[in-house]
Amino acid sequence: MKKSIKILIAVLIIILLLIGAAVYYVMNKLNKLNYVEVSKEEIEITEGVEENLKGYRNIVLFGIDTRADTYEGSRTDCIIIASINQETKQVKLVSVYRDTYLEIPGRGLDKVNHAYSYGGPALSMSTLNTNLDLDITEFATVNFTATKDIIDYIGGIELTVTNAEATQIPGITTGGTYTLNGTQALAYARIRKIDSDYARTERMRTVLTALFEKAKTMNVSELNILADKILPEIYTNISKTEILSLAPKIASYSIVESKGWPYETKGATIGGVWYGPPITLESNVIQLHKELFNDEEYITTDKVKEISGKIIQKTGYR
């Protein structure tokens, strides 16, 4: 009996040591992440919105228009809201067009992608929250170098491209289904000459979805190598503890919808600068809450109504 107890104790000690080593290993890996503290006090959320969005987790992904190893002082070339239904594990992606004419807190009406250059992720999240009645407090930023590297490290992503798109991608000349490397996928995501910025944002979401699905098929060893390569290229305020808790659940999540916002917009030149005002902000926000949160009878906050009125007054678009 004493011998059995000793063996049991020895086994428990070994298990604890292995768990401790594993936790240390993972935490050491996550130390490579570019983590930044952003207090909730820095992020503006309209009163009542958080209560209305219980059960959903909204995270914004920023792509910045620089290839340098920097994550501040740049405009956001890509803004994607990932809305997660915590119960169903379904994820819906919404691209906010970068030229969208919204009110940046403390700055007035301007292009939404300017917020990041004015005040970093905190001001960008505040802008999205106050204009769209959202409660975003978490973000992740990558630059184009990181996007290219991530795709290369996972062995490319499979995409179907049109003949017109093929002319803009190095290494291919005709439409079809290809496994694109990082350079090619990035070129695909950034295409703007053949159609519009709206189509461009759809391609960005297509690349993101393909990345997500490819990562879900990778084994532990492959994910380990990937983590070593990409963690240093991600800038976020999502804590290491939170990332650890999410990692085992990643396979249970699925991207079920991908759209661009505003749903209705019309170009306007103001002071010699082209903008894309929503027609109207209020109606577009109502539709957004219907699409993302299945709220068929959503009524916008007074803040959104106020900003919507300012945009109408400035552009004349109703």
Side-chain angles (χ1 to χ4, degrees), residues 34-36 38 42-45 58-83 92-132 134-151 185-192 196-209 211 230 233-238 258-262 265 267 273-278 281 284 288 307:
N34 286 297
Y35 175 77
V36 58
V38 179
E42 296 178 65
I43 305 168
E44 189 174 339
I45 300 174
N58 299 302
I59 302 171
V60 62
L61 311 175
F62 296 119
I64 52 178
D65 57 359
T66 175
R67 292 175 177 80
D69 186 19
T70 180
Y71 299 91
E72 295 282 1
S74 175
R75 296 174 184 175
T76 43
D77 202 46
C78 172
I79 303 170
I80 298 178
I81 298 166
S83 183
K92 295 180 181 179
L93 303 179
V94 175
S95 293
V96 178
Y97 302 130
R98 60 182 183 168
D99 293 324
T100 304
Y101 196 47
L102 299 178
E103 183 173 78
I104 299 175
R107 291 276 181 169
L109 296 174
D110 203 342
K111 293 186 180 184
V112 64
N113 74 329
H114 288 190
Y116 198 96
S117 62
Y118 293 149
L123 186 58
S124 287
M125 288 187 281
S126 296
T127 300
L128 295 171
N129 289 340
T130 54
N131 286 267
L132 279 64
L134 295 176
D135 62 348
I136 301 168
T137 59
E138 297 172 303
F139 79 94
T141 299
V142 295
N143 59 35
F144 287 132
T145 300
T147 305
K148 174 182 174 297
D149 290 346
I150 292 168
I151 293 168
L186 186 56
Y188 167 84
R190 300 193 72 193
I191 292 171
R192 66 181 75 187
S196 66
D197 191 54
Y198 309 135
R200 181 171 179 261
T201 59
E202 183 177 348
R203 284 187 282 267
M204 288 178 177
R205 297 193 305 275
T206 298
V207 168
L208 181 62
T209 302
L211 268 170
I230 69 170
E233 299 188 76
I234 297 175
Y235 182 67
T236 184
N237 69 334
I238 303 175
S258 172
K259 291 188 176 180
W261 189 93
T265 182
V273 180
W274 192 92
Y275 298 93
L281 175 63
N284 273 281
L288 178 73
I307 299 171

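As the structure is a computational prediction, the values presented were derived from the model and not from experiment.
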Trace of the side chain to side chain contact (heavy atoms under 4.5 Å, CB included) decision for I151 with V207: CA-CA 9 Å; I151 293 168; V207 168; 4.0 Å; yes
R205 versus S95, side-chain donor and acceptor atoms under 3.5 Å: yes
Nearest-0.5 Å distance that lies between atom CD1 in I136 and atom OG in S83: 8.5 Å
Side chain proximity check, V60 to V96, heavy atoms < 4.5 angstrom: no
Minimum side-chain heavy-atom gap I307-L102 below 4.5 Å: no
Spatial distance of atom CD1 (I43) from atom CG (N129) [nearest 0.5 Å]: 7.5 Å
Approximate separation, where rounding is to 0.5 Å, of I80 CD1 and M204 CE: 7.5 Å
Test of ring centre spacing under 6.0 Å for Y235 and F62: no
Heavy atoms of other groups near E202 CD, more than 12 under 6.0 Å: no
From OG1 (T201) to CG (L93), nearest 0.5 Å: 11.5 Å
Donor on one side chain, acceptor on other, T141 and Y116, under 3.5 Å: yes
For K92, side chain to side chain contact (heavy atoms under 4.5 Å, CB included) partners two or more places apart: V256, E257, L292, N294
Criterion side-chain contact (heavy atoms from CB on, under 4.5 Å) against N58, the qualifying member of V94, D135, L132, L128: D135
Y275 six-ring face occupied by K111 cation (under 6.0 Å, within 45°): yes
Distance (rounded to the nearest 0.5 Å) between I59 CD1 and I238 CD1: 4.5 Å
Donor-acceptor side-chain pairing of T76 and N113 below 3.5 angstrom: no
Side-chain touch E138/N237, heavy atoms, less than 4.5 angstrom: yes
Spacing of N131 atom CG and T100 atom OG1 [to the nearest 0.5 Å]: 9.5 Å
